[in-house]
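Worksheet: the structure to be examined is printed underneath.
Every heavy atom of this structure was used, including side-chain atoms; hydrogens, water molecules and symmetry mates were not.
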Amino acid sequence: MANIHEVAKQAGVSSATVSRVLNNTSSVTERTRQKVDQAIKELNYEPSMLGRNLRNSESRLLLVLIPNFSNPYYTEIINGIEDFSVERGYNILLCETDSNPTRENTFFNMVKNKLADGIISMDPTINMAKLQELAKKHSIVLCSEYDELERIPYVAIDNEVAAYKVMKHLIRLGHENIALINSDEKFLYARQRRKGYERALKEFDLPLRQEYIYNTNNLDFQDGAQAMRKLFQLGETPTAAFAVSDTLAIGALKELNVKGMNVPGDFALVGFDNISFSNMTNPTLTTVAQPMYQMGIAAANMLIDQLQGKPVDSVMLDHELIIRESTLN
């Protein structure tokens, strides 16, 4: 394989000139650039990206932190991040934190030690204090879950408004006893979606019944099924439920099917996220569509702008209530 010195000899220039051409330096004349490009082509020379990145004190690697690989919510966001990053000359490394502080520290140290240039975090369980400290010197963007004080730029949707729209839809269908299958409220999105739930109840003068609010430990299908089992043990059972994720809603729907409940005739159900599975259930699931691919693009764009020293503002993207069979009469 040819090296930079052989390219320089072929082009009749110095190795330093070849390096300037490779780094797209403006001080090289067009004629010289063409000679070097021709020599590179003739010799099939492939420059060492690692060496170039080390000289430029950059890795061209972006870390994407998620709590686990099993949640399908992250898939389209990751696709958006990767497509935009690759187009801009960066690679991404998916990092499963598993809500483990030791793993978090490993990924943080990669950035501190310049093995990676920056972080996009989608992990609601992450140590926010440590991440904020890291963000003082390094490029960090939050996606989906974010810092309410905006100390780190983020891209997200308005969770409270989205939940409020879900509840208005169910109430207008005639439901008054509506359950909330929520996640752990230590997470911002869970608190925001509960606020939207409560806001709609108050606006329509419906009572807030604490027994209708079930908080799960995780967002797995079985957690949604368990929530529905618990709700049906109440004296007066609800006639509808809003689940704060599609995975919870699909688990709840399975339990409703096991009980022989007709959805939506006997019970209406709404999820959140519009993951691909939500349109494959029987009945298909009414849900809130987050623009996940666009969120990924926006997060990658923001991070790369940060790395290039450009000012970055947080972004709130639109959402849409997708009405399907699980609430259609």
- Could you give me the CA-CA distance, side-chain angles and deciding distance for Thr284 and Thr281, then say whether side chain to side chain donor-acceptor pair (under 3.5 Å) is met? CA-CA 5 Å; Thr284 55; Thr281 56; 5.8 Å; no
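- Donor-acceptor pairing under 3.5 Å is lacking for the side chains of Arg194 and Asn182.
- Note on Glu255 versus Lys259: salt bridge recorded, some NZ/NE/NH1/NH2 to OD/OE distance being below 4.0 Å.
- A donor-acceptor contact shorter than 3.5 Å links the side chain of Ser278 to the backbone of Ile275.
- The closest side-chain heavy-atom distance from Thr125 to Phe187 is below 4.5 Å.
- With sequence neighbours excluded, the residues satisfying ring-ring contact (aromatic ring centres under 6.0 Å, His included) with Phe232 are Phe267.
- Closest approach of Ala162 and Val288 over heavy atoms only: CB-CG1, 4.0 Å.
- Between Pro67 and Asp98 there is no side-chain heavy-atom pair separated by less than 4.5 Å.
- Looking at Thr287, its side chain does come within 3.5 Å of a backbone N or O of Phe272 through a donor-acceptor pair.
- No side-chain heavy atom of Glu145 sits under 4.5 Å from any side-chain heavy atom of Met122.
- Side-chain contact between Gln132 and Lys136 is absent, with no heavy atoms from C-beta onward closer than 4.5 Å.
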- Message: side chain to side chain contact (heavy atoms under 4.5 Å, CB included), that's the test. Do His319 and Val161 meet it? Break it down for me.
- Response: CA-CA 9 Å; His319 60 271; Val161 170; 4.0 Å; yes
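- For Asp273 against Met292, the heavy-atom pair with the smallest separation is O-CE, 3.1 Å.
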- Message: Lys202 vs Leu208, test: side chain to side chain contact (heavy atoms under 4.5 Å, CB included). Steps then yes/no.
- Response: CA-CA 8 Å; Lys202 184 176 181 180; Leu208 173 61; over 6 Å; no
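- Under the 4.5 Å side-chain criterion, counting only non-hydrogen atoms from C-beta, Ile120 is not in contact with Leu65.
- Between Ile140 and Leu134, the closest side-chain pair of non-hydrogen atoms falls below 4.5 Å.
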What pairs of donor and acceptor atoms, side-chain ones from residues 89-97 against any protein atom, are under 3.5 angstrom apart with sequence neighbours left out?
unit_1	atom_1	unit_2	atom_2	d
Tyr90	OH	Arg60	NH1	3.3
Glu96	OE2	Phe69	N	3.0
Thr97	OG1	Ser99	N	3.3
Thr97	OG1	Asp123	OD2	2.5

- Message: The test is side chain to side chain contact (heavy atoms under 4.5 Å, CB included); show your working for Val270 and Thr327 and say whether it passes.
- Response: CA-CA 7 Å; Val270 181; Thr327 62; 3.6 Å; yes
- Message: Run Glu6 and Gln10 through side chain to side chain donor-acceptor pair (under 3.5 Å) and show every step you take.
- Response: CA-CA 6 Å; Glu6 291 169 324; Gln10 179 87 348; over 6 Å; no
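- Ser245 and Tyr73 form no side-chain donor-acceptor contact under 3.5 Å, judged by distance and modelled atom types alone.
- Thr106 contributes a side-chain N or O that, together with a main-chain N or O of Thr102, makes up a donor-acceptor pair within less than 3.5 Å.
- In this structure, a donor-acceptor pair under 3.5 Å is absent between the side chains of Gln34 and Asp37.
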- Message: Run Ser144 and Tyr189 through side chain to side chain donor-acceptor pair (under 3.5 Å) and show every step you take.
- Response: CA-CA 8 Å; Ser144 195; Tyr189 76 87; over 6 Å; no
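- Here the closest heavy-atom approach between residue Met167 and residue Gly196 is recorded as CG-O, 4.4 Å.
- At distances below 3.5 Å, not a single donor-acceptor pair connects side-chain atoms of Asn113 with backbone N or O atoms of Leu115.
- Side chain of Asn68 to backbone of Ser70: a donor-acceptor contact under 3.5 angstrom is found.
- When all heavy atoms are compared, the tightest approach of His175 to Ile178 is O-CD1, 3.7 Å.
- The shortest distance between side-chain heavy atoms of Val111 and Ile119 falls below 4.5 Å.
- Between Leu317 and Pro291, the shortest heavy-atom distance links the atoms CB-CG, 3.8 Å.
- Between the Ser326 side chain and the Thr286 main chain, a donor and an acceptor come within less than 3.5 Å of each other.
- Side-chain polar atoms of Lys130 and Asn105 form a donor-acceptor pair below 3.5 angstrom.
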- Task: Output, in order, the C-alpha distance, side-chain angles, deciding distance and verdict of side chain to side chain contact (heavy atoms under 4.5 Å, CB included) for Ile323 and Leu328.
- Result: CA-CA 7 Å; Ile323 299 173; Leu328 283 175; 3.8 Å; yes
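- Panel note: side chain Gln306, backbone Pro311; no donor-acceptor pair is recorded below 3.5 Å.
- The backbone N or O of Leu219 lies less than 3.5 Å from a partner atom in the side chain of Thr247, making a donor-acceptor pair.
- Remark: Arg209 qualifies as a cation-pi partner of Tyr212 under the 6.0 Å distance and 45° angle criteria applied to the six-membered ring.
- For residues 214-223, every residue pair satisfying the side chain to side chain donor-acceptor pair (under 3.5 Å) rule, not counting sequence neighbours, is listed here: Glu185-Asn215.
- Ile297 and Val312 end up in the same hydrophobic cluster when Ile, Leu, Val, Met, Phe, Trp and Tyr side chains are linked at under 4.5 Å.
- The closest side-chain donor-acceptor pair between Asn279 and Arg324 falls under 3.5 angstrom.
- Judged by distance alone, the side chain of Asp246 and the main-chain N or O of Ala249 form no donor-acceptor pair under 3.5 Å.
- Heavy-atom minimum distance, Ile181 versus Ala241: CD1-CB, 4.3 Å.
- Checked by atom type, the side-chain pair Asp83/Tyr293 shows a donor-acceptor distance below 3.5 Å.
- Checking side-chain atoms of Arg193 against main-chain N and O of Val244 turns up a donor-acceptor pair under 3.5 Å.
- Under the 4.5 Å side-chain contact rule for hydrophobic residues, Met302 and Leu61 do not share a cluster.
- Leu142 has its side chain within reach of Leu131: a pair of non-hydrogen atoms, C-beta onward, lies under 4.5 Å apart.
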